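Hydrogens, waters and symmetry mates are skipped; everything else that's a heavy atom, side chains included, is used. To find a chain, count down the sequence lines: A is the first, B the second, and so on, and within it residues start at 1. Quantities reported herein were computed from a predicted structural model and do not represent experimental measurements.
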Number of protein chains: 2
Amino acid sequence: MKVETRKEEIIKTSTILFQKKGYSAVTMRDIAKVMGIKAASLYNHINSKQEILSNIIISLAEAFTEGMTTIMSSNDSSIDKLSSIVKLHVDITSSNTSGMASLNNDWMHLEEDLDYYLKLRLDYEDNIRQIIEQGISSNQLQDSNAEVMLFSMLSTLRSLYIWIPSKEDLDPFELAENLNKVLLTGIIK
Amino acid sequence: MKVETRKEEIIKTSTILFQKKGYSAVTMRDIAKVMGIKAASLYNHINSKQEILSNIIISLAEAFTEGMTTIMSSNDSSIDKLSSIVKLHVDITSSNTSGMASLNNDWMHLEEDLDYYLKLRLDYEDNIRQIIEQGISSNQLQDSNAEVMLFSMLSTLRSLYIWIPSKEDLDPFELAENLNKVLLTGIIK
DNA sequence: GTCTATAAATCGATAGAC
DNA sequence: GTCTATCGATTTATAGAC
């Protein structure tokens with residue numbers, strides 16, 4: 001059984017509040033109230049509100065980067081790599097749904113770690129772009145606009161956090177399967 | 001030539017600022033500074049910061065509802081209706097890219113108009129769901145999970161605002177064409 | 001229509017007792 | 001590790017002069 005440190009409790013509580021109202025609209029007093037302590041007590045465990053946000057976003061961004069590194073080093077086909085990316089998003093989003101809201105909507109409020117985050121995100125997108133272009137070159141993917149493909153796929157995967165919590169009847173494996181089908185082969189018969 | 005009232009100028013300026021930092025992180029002083037006046041002067045034209053947000057979001061939500069009403073009253077096939085929805089999103093997003101950011105990320109900060117907005121959004125989603133289910137019944141769409149189809153399509157369309165401004169080389173008509181192809185027929189050859 | 005001045009509330013964060 | 005008390009800055013919004 002994992003013993004949660006007080007700092008981890010604060011981050012977990014903040015993550016849920018940030019999802020509901022966004023980083024800027026959540027106060028240290030809001031976080032403290034949910035935890036049943038006073039706002040001043042929070043500072044015995046964390047240095048600033050900014051540190052909480054950074055912790056939430058950077059750990060998620062690094063998880064995506066790590067997953068992408070594994071995928072890129074494989075010998076899979078372009079299509080199999082894209083399927084692995086879908087699964088990566090479903091897995092990470094399932095394990096930290098609320099945190100994904102901050103990653104998507106509050107990254108611009110990062111201060112010290114903003115540039116680092118932007119680099120991770122840009123590299124991640126470049127990797128997917130590379131996979132798609134290779135898929136087109138090798139005749140596995142349709143010869144349409146690669147940017148539109150990239151955009152459509154990433155938009156859906158990045159929005160998963162909005163949708164996953166309300167659909168708990170669908171397990172992660174089945175969801176990844178359905179998503180793969182829709183994203184790769186479309187919806188028309 | 002349209003003459004812009006001072007109120008419309010304020011809303012336009014606010015829309016751009018809200019897109020960059022979100023509603024909560026933008027102050028009345030920020031808005032005033034961009035307009036070259038003092039914050040107190042804004043209140044000669046608007047009643048509150050909340051009124052600005054409501055104006056941005058509700059006008060967009062009503063535009064979507066109006067477009068959907070037209071689509072639903074047509075005799076088009078399910079597939080043609082979905083294509084019209086794609087075009088509706090491309091058109092509205094092209095005409096007010098920044099405003100779409102508030103619609104997507106700051107709707108929860110609506111006060112008086114929150115329930116009205118939620119009803120418009122729910123009805124809109126129900127209409128798309130209905131079109132997809134009819135497409136499956138009439139054998140035009142694949143017999144996959146309708147909710148996943150709905151989610152994937154709406155996620156992509158709702159994220160258009162992130163993507164449109166940087167791709168000005170692609171005109172709205174061509175973008176809608178490419179999106180239709182990717183969303184309806186997928187990316188696999 | 002814009003200004004200065006200011007009210008009243010709230011913000012993140014610190015000091016120091018226990 | 002939590003508390004009370006508080007600082008200094010900032011927030012939305014109003015009053016009233018010009």
Side-chain angles (χ1 to χ4, degrees), chain A residues 2-58 99 101-102 105-114 117, chain B residues 2-58 101-102 105-114:
Chain A
K2 171 102 184 289
V3 177
E4 208 167 41
T5 67
R6 209 79 174 107
K7 179 170 179 175
E8 286 170 335
E9 276 184 70
I10 293 173
I11 292 172
K12 195 173 186 176
T13 302
S14 302
T15 303
I16 294 168
L17 291 174
F18 289 171
Q19 178 180 29
K20 277 191 225 165
K21 306 202 292 172
Y23 174 72
S24 303
V26 174
T27 71
M28 297 302 280
R29 286 167 178 81
D30 290 335
I31 300 166
K33 193 163 198 173
V34 173
M35 295 193 65
I37 58 177
K38 296 292 175 184
S41 304
L42 294 171
Y43 290 89
N44 205 51
H45 309 282
I46 51 116
N47 294 312
S48 65
K49 187 185 173 188
Q50 171 71 200
E51 184 188 332
I52 301 175
L53 181 70
S54 175
N55 215 295
I56 294 170
I57 293 181
I58 298 299
S102 297
N105 303 321
D106 282 321
W107 58 266
M108 72 286 280
H109 297 119
L110 285 174
E111 294 167 9
E112 215 177 327
D113 290 333
L114 178 59
Y117 163 75
Chain B
K2 171 102 185 288
V3 177
E4 209 167 43
T5 68
R6 210 78 175 109
K7 178 170 179 175
E8 286 169 336
E9 276 185 70
I10 293 172
I11 291 171
K12 196 174 186 176
T13 301
S14 304
T15 303
I16 294 168
L17 291 175
F18 289 171
Q19 178 180 29
K20 278 190 227 167
K21 306 202 293 173
Y23 173 73
S24 303
V26 173
T27 70
M28 298 301 278
R29 284 171 179 79
D30 290 335
I31 300 167
K33 192 163 200 174
V34 173
M35 295 193 65
I37 59 178
K38 296 292 176 184
S41 304
L42 293 172
Y43 291 89
N44 205 50
H45 310 283
I46 49 114
N47 294 312
S48 64
K49 188 186 172 188
Q50 172 71 199
E51 184 188 332
I52 301 175
L53 181 69
S54 174
N55 214 296
I56 295 170
I57 293 181
I58 298 299
S102 297
N105 303 321
D106 282 322
W107 58 266
M108 72 285 283
H109 297 118
L110 285 175
E111 293 166 10
E112 215 177 327
D113 290 333
L114 178 58

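- Both S41(B) and Q50(A) lie near DNA chain C, and the one whose nearest nucleotide falls closer to the 5' end is S41(B).
- Atom C1' of nucleotide dG1(C) and atom NZ of K7(B) are separated by 16 Å, given to the nearest angstrom.
- The distance from atom CD1 of I10(B) to atom P of dA13(D) is 13 Å, rounded to the nearest whole Å.
- Between the side chain of R6(B) and the base of dG1(C), no donor-acceptor pair of N or O atoms lies under 3.5 Å.
- With hydrogens and angles disregarded, a donor-acceptor distance shorter than 3.5 Å links the side chain of K49(A) to the backbone of V26(A).
- Atom P of nucleotide dT4(D) and atom CD1 of I37(A) are separated by 12 Å, given to the nearest angstrom.
- The distance from atom NZ of K21(A) to atom P of dT10(C) is 12 Å, rounded to the nearest whole Å.
- As rounded to whole Å, 14 Å separates atom P of dT11(D) from atom NZ of K38(B).
- Toward the 5' end of DNA chain D, the nearer of the two residues R29(B) and A39(A), judged by each one's closest nucleotide, is A39(A).
- With contacts defined as side-chain heavy-atom distances shorter than 4.5 Å, the pair Q50(A)/L110(A) qualifies.
- Listed pair K49(A) / dG12(C) meets the phosphate criterion, a side-chain N or O lying under 4.0 Å from OP1 or OP2.
- The two residues I46(A) and I52(A) have their closest heavy-atom pair at CD1-CD1, 3.9 Å.
- For dT14(D), the OP1/OP2 oxygens have no side-chain nitrogen or oxygen of Y43(B) closer than 4.0 Å.
- Here dA13(D) presents its P atom at 10 Å from CD of E51(B), a figure rounded to the nearest Å.
- Straight-line distance from the CE atom of M28(B) to the P atom of dA8(C): 20 Å, rounded to whole Å.
- Residues satisfying the salt bridge (charged side-chain N to carboxylate O under 4.0 Å, His left out) test with K12(B), not counting sequence neighbours, are E4(B).
- Rounded to a whole Å, the CG atom of N44(B) is 5 Å from the C1' atom of dG1(C).
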